[in-house]
Amino acid sequence: MRLFVPLIFLLALCGCGAKEAAKPAPIAQAPFGATSEGTPVTRHTLRNGTAEVSIISYGGTIQSLRVPDKDGKLGDVVFGFDSIDGYLGEHPYFGALVGRYANRIAKGEFSLDGKRYVLAKNNGPNALHGGIQGFNRVVWQVEALPGENLALRLRYVSADGEEGYPGRLTATVTYTLKPDNALQIDYLATTDAPTVANLTNHAYFNLRGSGGILGHELQILASRFTPVDATLIPTGELRPVRGTPFDFLTPHTIGERIDDKNEQIEMGKGYDHNFVFDAARGELAKAVEVYEPESGRTMEVWTTEPGVQFYTGNMLTGSISGKDGRKYDRRTGFCLETQHFPDSPNQPTFPSTVLKPGEERRSTTIYKFGVRD
């Protein structure tokens with residue numbers, strides 16, 4: 001008697017049958033074009049099974065951040081471009097790491113140890129986000145870190161005198177995508193000579209994915225903010241938010257008071273101000289919570305930094321086309337740039353941003369995504 005054994009059974013036993021469809025790698029690397037000088041740019045995508053983030057080596061930029069909505073559908077919640085060409089062109093720091101000094105320094109000048117330093121002025125009379133060739137316009141070294149966490153470490157060495165800043169500064173930034181859909185960013189800076197340092201990420205968020213942001217509900221755990229002059233430089237005052245459109249101690253929609261008759265609102269053409277957190281400096285604490293009712297998405301911001309720049313995309317005009325040809329119009333994206341305060345090198349009462357040899361400037365910020373029914 002001859003036994004008949006199905007061929008597919010034999011193939012399964014010997015392991016020579018058709019292989020299962022390959023699953024996406026937890027960390028995948030792919031080319032992403034090159035700079036105008038020909039330096040290759042790479043994209044690194046971290047996937048935890050429910051969310052994914054793509055980082056490009058140019059500017060250490062968050063190119064894409066896809067998180068689920070209340071129906072479990074993934075959507076990209078940050079601004080950016082589909083190719084390197086958009087990042088090489090003019091744009092307002094979409095998703096980039098910014099430094100050596102994030103935000104503004106008045107008149108592009110500061111004094112340190114009795115010496116005056118003159119910086120590149122790229123925002124009217126002031127220096128902004130590191131200057132003309134800031135950290136957002138350089139290629140960072142990238143390596144995937146071993147271990148259970150999905151993590152990338154980026155490194156850039158800023159030469160002494162770059163954009164007018166003293167000292168050779170080494171910046172290391174680690175992006176980690178955690179199982180609970182939290183994107184953690186750890187910053188580290190060291191120097192070989194006294195300098196100032198203030199690093200952040202400049203992602204533009206829209207938890208709907210597209211459209212206006214005015215319906216997002218926002219809570220900022222800050223009882224004070226830093227009012228500004230006509231060029232958006234802080235006056236040095238820490239002003240209470242109570243009784244003003246800047247009071248987000250309880251949740252309000254972004255659009256509820258964004259056009260109020262208020263001098264500070266008019267200065268920023270909306271919100272473009274630094275909020276001063278109530279939590280102790282250096283402690284990791286929840287500082288901001290955002291909720292978008294249509295998608296159900298939520299975002300918590302945890303940080304060790306003393307402040308955050310809340311910006312509502314007031315200067316976007318629709319002239320820039322991003323991913324999928326989408327035009328980025330006014331108030332369609334918002335920023336929550338955790339930081340030390342703007343113009344701290346010229347404001348002795350603000351927390352110091354001076355970094356000296358032998359010291360480390362460390363900070364952590366976490367953007368944690370969830371849903372609300």
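Position 1 is the first residue of the sequence, and the numbers go up from there. Heavy-atom basis, side chains included; hydrogens, waters and symmetry copies ignored.
Between the side chains of Arg326 and Ser210, no donor-acceptor pair of N or O atoms lies under 3.5 Å. Under 3.5 Å, the side chains of Asn103 and Glu337 contain no donor-acceptor pair of N or O atoms. A side-chain donor-acceptor contact under 3.5 Å links Thr50 and Asn181. When only modelled atom types and interatomic distance are considered, Thr200 and Asn198 share no side-chain donor-acceptor pair under 3.5 Å. Using a 3.5 Å distance cut-off with no hydrogens or angles, the side chains of Asn126 and Asn123 do not pair a donor with an acceptor. With hydrogens and angles left out, the side-chain atoms of Ser111 and Arg116 include a donor and acceptor closer than 3.5 Å.
Counting heavy atoms from C-beta on, the side chains of His340 and Glu305 come closer than 4.5 Å. Between Pro345 and Tyr117 the shortest side-chain heavy-atom distance does not fall below 4.5 Å. A 4.5 Å side-chain heavy-atom check between Phe94 and Asn136 finds every atom pair outside the cut-off. Considering only heavy atoms from C-beta on, Asp76 comes within 4.5 Å of Lys323 through its side chain. Counting heavy atoms from C-beta on, the side chains of Arg47 and Pro26 never come closer than 4.5 Å. At least one side-chain heavy atom of Val139 sits less than 4.5 Å from a side-chain heavy atom of Thr35. In this structure, the side chains of Gln309 and Pro342 come closer than 4.5 Å at one or more pairs of heavy atoms. Side-chain contact check for Val78 versus Tyr367: every heavy-atom pair is 4.5 Å or farther apart.
Heavy-atom contacts from other residues, nucleotides or ligands closer than 6.0 Å to NZ of Lys356 number 12 or fewer.
For Tyr328 and Tyr204, the ring centers sit 6.0 Å or farther from each other. For an aromatic pair to be called close, the ring centres must be under 6.0 Å apart, and Phe225 with Phe246 satisfies this. Taking the centre of each ring, Phe135 and Tyr156 come in below the 6.0 Å mark.
The backbone N or O of Ile233 sits nowhere less than 3.5 Å from a side-chain atom of Asp343 that would complete a donor-acceptor pair. A donor-acceptor pair under 3.5 Å is absent between the side-chain atoms of Asn274 and the main chain of Phe341, judged by distance alone. The main-chain N or O of Thr364 is found under 3.5 Å from a side-chain atom of Thr304 such that the two form a donor-acceptor pair. Looking at Asn48, its side chain never comes within 3.5 Å of a backbone N or O of Asp180 through a donor-acceptor pair. At distances below 3.5 Å, not a single donor-acceptor pair connects side-chain atoms of Arg331 with backbone N or O atoms of Asn314. Under the 3.5 Å distance criterion, the side-chain polar atoms of Gln347 are left unmatched by any main-chain donor or acceptor of Phe350. A donor-acceptor contact shorter than 3.5 Å is absent between the side chain of Thr61 and the backbone of Ile56. Proximity of a side-chain donor or acceptor of Asp329 to a complementary backbone N or O of Leu316 within less than 3.5 Å is not detected. Within the 3.5 Å criterion, the main-chain N or O of Ile265 finds no donor-acceptor partner in the side chain of Arg257. The backbone N or O of Leu154 sits nowhere less than 3.5 Å from a side-chain atom of Tyr175 that would complete a donor-acceptor pair.
Note: Arg43 CZ to Gln29 CD = 11.5 Å, rounded to the nearest 0.5 Å. Remark: Thr172 OG1 to Leu188 CG distance equals 5.0 Å, nearest 0.5 Å. How far CD of Glu300 is from CD1 of Ile366: 10.0 Å, rounded to the nearest 0.5 Å. Summarising the geometry, atom OG1 belonging to Thr170 is positioned 8.0 Å from atom CG belonging to Asp192; distances are rounded to the nearest 0.5 Å. Taken to the nearest 0.5 Å, the OG atom of Ser295 stands 10.5 Å off from the CZ atom of Arg372. With rounding to the nearest 0.5 angstrom, the OG1 atom of Thr176 is 8.0 Å from the CG atom of Leu183.
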| request: Tell me, with the steps shown, if Asn201 and Ile62 meet side chain to side chain contact (heavy atoms under 4.5 Å, CB included). | output: CA-CA 9 Å; Asn201 181 279; Ile62 300 174; 3.7 Å; yes
| task | Give the C-alpha distance, both sets of side-chain angles, the deciding distance and a yes or no for side chain to side chain contact (heavy atoms under 4.5 Å, CB included) between Glu162 and Arg168. | result | CA-CA 9 Å; Glu162 185 174 285; Arg168 182 177 184 267; over 6 Å; no
| Residues Trp140, Leu97; criterion side chain to side chain contact (heavy atoms under 4.5 Å, CB included); working and verdict | CA-CA 10 Å; Trp140 293 62; Leu97 295 174; 3.7 Å; yes
| Worked check of salt bridge (Lys or Arg N to Asp or Glu O under 4.0 Å) between Glu292 and Arg297 | CA-CA 6 Å; Glu292 200 289 300; Arg297 290 189 181 98; 6.0 Å; no
| task | Could you walk me through whether Ile55 and Val142 pass side chain to side chain contact (heavy atoms under 4.5 Å, CB included), step by step? | result | CA-CA 10 Å; Ile55 310 294; Val142 185; over 6 Å; no
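For the side chain to side chain contact (heavy atoms under 4.5 Å, CB included) criterion with Leu218, the lone passing option out of Tyr291, Phe248, Tyr271, Phe334 is Phe248. Checked against Ile213 for a side chain to side chain contact (heavy atoms under 4.5 Å, CB included), the options Leu207, Ile258, Thr312, Thr253 give a single hit: Thr312.
Taken together through direct or relayed side-chain contacts under 4.5 Å among Ile, Leu, Val, Met, Phe, Trp and Tyr, Val157 and Val138 form parts of separate hydrophobic clusters. Hydrophobic clustering, with ILVMFWY side chains joined whenever heavy atoms are under 4.5 angstrom apart, groups Leu177 together with Ile27. Tracing side-chain contacts under 4.5 Å through hydrophobic residues (I, L, V, M, F, W, Y), one reaches Ile254 starting from Ile220; they form part of the same cluster. With hydrophobic clusters built from ILVMFWY side chains whose heavy atoms lie under 4.5 angstrom apart, Leu145 does not share a cluster with Ile185. Hydrophobic cluster membership differs between Tyr93 and Tyr87, with clusters built from Ile, Leu, Val, Met, Phe, Trp and Tyr side chains linked at under 4.5 angstrom.
Taking both residues in full, the closest heavy atoms of Phe81 and Gly322 are given as CD2-CA, 3.8 Å, listed atom of the first, atom of the second, then distance. Smallest separation of non-hydrogen atoms from Ser321 and Lys327: OG-NZ, 3.3 Å. Annotation for Ala287 and Thr303: closest pair CB-CG2, 4.2 Å, computed over non-hydrogen atoms. Of all heavy-atom pairs between Gly215 and Pro293, the closest is O-CD, 3.7 Å. In this structure, Pro166 and Arg100 approach most closely via the heavy-atom pair O-NH1, 2.6 Å. A pairwise comparison of heavy atoms in Val228 and Gln264 identifies N-OE1, 2.9 Å as the closest pair.
Salt-bridge annotation for Lys107 and Glu109: absent, with no side-chain N of the basic residue lying under 4.0 Å from a carboxylate O of the acidic one. Of the charged side-chain nitrogens involved, none lies within less than 4.0 Å of a carboxylate oxygen, so that Arg137 and Glu163 do not count as a salt-bridged pair. Between Arg66 and Glu52, at least one side-chain nitrogen of the basic residue sits less than 4.0 Å from a carboxylate oxygen of the acidic one, meeting the salt-bridge criterion.
Between Phe369 and Phe205, the ring planes are tilted. Angles from 30° to 60° get that label.
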